[in-house]
Protein chains: 2
Amino acid sequence: MSVAAAGRLRGAGQRLTGNRQALLEILERADRPLTIHDIVQSRPDLAQSSVYRNLVVLEQSGIVRRVMTGGDFARYELDEDLTDHHHHLVCTSCGSVEDLALPKDVEETIGRAARRAASRRGFVEADHRLDVTGLCKNCR
Amino acid sequence: MSVAAAGRLRGAGQRLTGNRQALLEILERADRPLTIHDIVQSRPDLAQSSVYRNLVVLEQSGIVRRVMTGGDFARYELDEDLTDHHHHLVCTSCGSVEDLALPKDVEETIGRAARRAASRRGFVEADHRLDVTGLCKNCR
DNA sequence: ATGAGTGCAAAGGCTTTGCATTAGG
DNA sequence: CCTAATGCAAAGCCTTTGCACTCAT
């Protein structure tokens with residue numbers, strides 16, 4: 001698993017336990033943000049409460065990001081500076097989610113517009129998140 | 001309140017009750033998506049359960065849209081074809097949300113990229129939602 | 001050794017639902 | 001009139017928390 005993630009965890013004064021390693025490995029392998037259900041299903045030996053607690057720790061350590069894609073439960077993915085900036089393709093019917101990268105020039109346009117709009121309203125440290133929605137192959 | 005909304009409600013075979021009119025008026029006045037808590041607070045005579053139920057009806061009638069901005073509760077706003085296409089400016093610290101319109105050329109760039117990316121993955125009826133995140137005046 | 005992490009079960013908090021009553025068309 | 005809508009309270013569901021036990025350092 002990622003050396004960077006482990007270092008960041010230590011840097012936050014947190015221990016690198018087996019459960020946390022397992023979480024990081026699962027999230028690294030995924031090509032989409034995972035639900036708690038996904039995670040526990042792929043590793044039934046992990047206690048659900050520990051998964052919740054460790055994801056909070058990983059989030060606070062800047063390793064993991066919690067994303068709400070519109071379904072009724074949270075999804076988790078590695079922080080963007082451990083992967084790459086990307087967005088999500090969300091099916092409005094079944095709720096499935098896939099990672100999605102946009103062309104660099106589009107990203108620049110969005111980022112520029114986001115920062116400008118934010119500062120105009122007195123917001124600082126502006127970032128953005130974009131979900132592309134539609135009907136997936138199975139649902140269309 | 002909006003004639004279009006009332007018509008759309010009727011068209012969906014739903015009754016235009018006092019509660020539903022009240023909801024539509026509140027949402028029309030708002031310049032941001034509202035939480036259930038916001039709504040019940042501004043109209044304490046509305047029963048919370050009826051608000052939930054009516055928002056489902058309004059959503060299924062294509063009048064209201066449920067948005068998850070990352071906080072722990074849902075927010076509701078009028079559907080875009082009753083208002084205008086817009087996005088949200090979300091404070092990552094306090095969770096406050098404001099409506100945000102972007103320049104038309106930026107929207108076109110985003111929409112084009114979104115549709116292209118979606119169709120490449122086999123998605124149809126592609127749309128998009130964008131949240132600009134940052135720290136608001138009070139939290140910065 | 002010793003405080004953090006874990007697992008189980010119980011509690012929380014937003015949202016949904018059952019049921020008797022009220023009201024829209 | 002007759003069905004849908006309402007309000008209250010109870011139930012659901014994802015998530016968080018309490019507590020005793022175990023493990024990382």
Side-chain angles (χ1 to χ4, degrees), chain A residues 1 5-26 33-61 63-77 95 97, chain B residues 1 3 5-27 33-61 63-77 95 97:
Chain A
M1 54 142 267
R8 207 173 289 187
L9 194 54
R10 287 252 164 58
Q14 297 289 348
R15 295 181 181 174
L16 179 55
T17 67
N19 273 1
R20 291 173 186 174
Q21 287 189 48
L23 280 177
L24 292 172
E25 278 162 18
I26 293 169
L34 301 179
T35 65
I36 301 283
H37 185 250
D38 291 335
I39 293 170
V40 172
Q41 196 156 271
S42 77
R43 282 291 301 269
D45 56 308
L46 299 178
Q48 198 179 48
S49 64
S50 294
V51 173
Y52 274 107
R53 264 192 286 234
N54 281 322
L55 286 171
V56 170
V57 169
L58 293 172
E59 192 183 7
Q60 291 174 342
S61 305
I63 298 168
V64 156
R65 195 158 63 150
R66 182 184 194 183
V67 302
M68 296 296 301
T69 50
D72 290 325
F73 24 76
R75 288 176 178 272
Y76 296 84
E77 65 184 7
V97 180
Chain B
M1 53 142 267
V3 181
R8 207 173 290 186
L9 194 54
R10 286 253 163 59
Q14 297 290 346
R15 295 179 180 175
L16 178 55
T17 67
N19 274 1
R20 291 173 186 175
Q21 287 189 50
L23 280 177
L24 292 173
E25 280 161 17
I26 293 169
L27 292 173
L34 300 178
T35 64
I36 301 283
H37 185 250
D38 290 336
I39 294 170
V40 172
Q41 194 155 274
S42 77
R43 282 291 302 268
D45 55 307
L46 299 178
Q48 198 179 48
S49 64
S50 294
V51 173
Y52 274 106
R53 264 192 287 234
N54 280 324
L55 286 171
V56 170
V57 170
L58 292 172
E59 192 182 8
Q60 291 174 340
S61 305
I63 298 167
V64 155
R65 194 158 61 152
R66 182 185 193 180
V67 303
M68 296 296 300
T69 50
D72 292 324
F73 25 77
R75 289 177 177 272
Y76 296 85
E77 65 184 6
V97 179

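Labels below follow one simple rule: chain letters A, B, ... track the order of the sequence lines, proteins then strands, and each chain is numbered from 1.
Looking at which nucleotide of DNA chain D each of B:G13 and B:S49 is closest to, the 5′-most match is held by B:G13. Mapped onto DNA chain D by nearest heavy atom, A:Y52 and B:A47 fall at different nucleotides, with B:A47 at the one closer to the 5' end.
Among residues two or more places apart in sequence or in another chain, the side chain to side chain contact (heavy atoms under 4.5 Å, CB included) test is passed with B:R43 by B:A22, B:I26, B:D45, B:L46. Partners of B:D38 by side-chain hydrogen bond (donor to acceptor under 3.5 Å, both in side chains), not counting sequence neighbours, listed by chain and number: B:R32, B:T35. Take A:R8 and apply the side-chain hydrogen bond (donor to acceptor under 3.5 Å, both in side chains) test, not counting sequence neighbours, and it matches A:D81.
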Under the criterion side chain to side chain contact (heavy atoms under 4.5 Å, CB included), I'd like the reasoning laid out for B:I39 against B:L55: C-alpha separation, chi angles, the key distance, then a yes or no. CA-CA 11 Å; B:I39 294 170; B:L55 286 171; 4.2 Å; yes
Chi angles and distances behind the side chain to side chain contact (heavy atoms under 4.5 Å, CB included) call for A:I36, A:Q48: CA-CA 8 Å; A:I36 301 283; A:Q48 198 179 48; 3.9 Å; yes
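Each end of the helix from C:dA1-D:dT25 to C:dG25-D:dC1 gets its own axis, taken as the rotation carrying the C1' atoms of four end pairs onto the next four within a five-pair window, and the two axes meet at 40° to the nearest 10 degrees.
With rounding to the nearest 0.5 Å, the separation of CG in B:L24 from CG in B:L58 is 5.0 Å. Once rounded to the nearest 0.5 Å, the distance linking CD of B:E59 with CZ of B:R65 reads 10.0 Å. With rounding to the nearest 0.5 angstrom, the CZ atom of A:R10 is 10.5 Å from the CZ atom of A:R15. Between atom CD of residue B:E25 and atom CD of residue B:Q21 there is a gap of 6.5 Å, rounded to the nearest 0.5 Å.
At whole-Å resolution of the value, NE2 in B:H37 and P in C:dG13 are 13 Å apart. In this structure, the CG atom of A:L46 is 11 Å from the C1' atom of C:dT6, given to the nearest Å. Following rounding to the nearest Å, B:R75 (CZ) and C:dT15 (C1') show an atom-to-atom distance of 16 Å. Residue B:F73 contributes atom CZ, which lies 11 Å from atom C1' of C:dG13 at whole-angstrom precision.
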B/S/- along nucleotides 19-25 of chain C (protein heavy atoms under 4.0 Å) is -----BS
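When the options B:T69, B:V67, B:L34 are evaluated for a side chain to side chain contact (heavy atoms under 4.5 Å, CB included) with B:V97, the one that passes is B:T69.
Protein chain A touches strand DNA chain D; the 5'-most and 3'-most nucleotides with an atom under 4.0 angstrom of its non-hydrogen atoms are D:dC14 to D:dT25.
Between the side chain of A:R20 and the backbone N or O of A:N54, no donor-acceptor pair lies under 3.5 Å.
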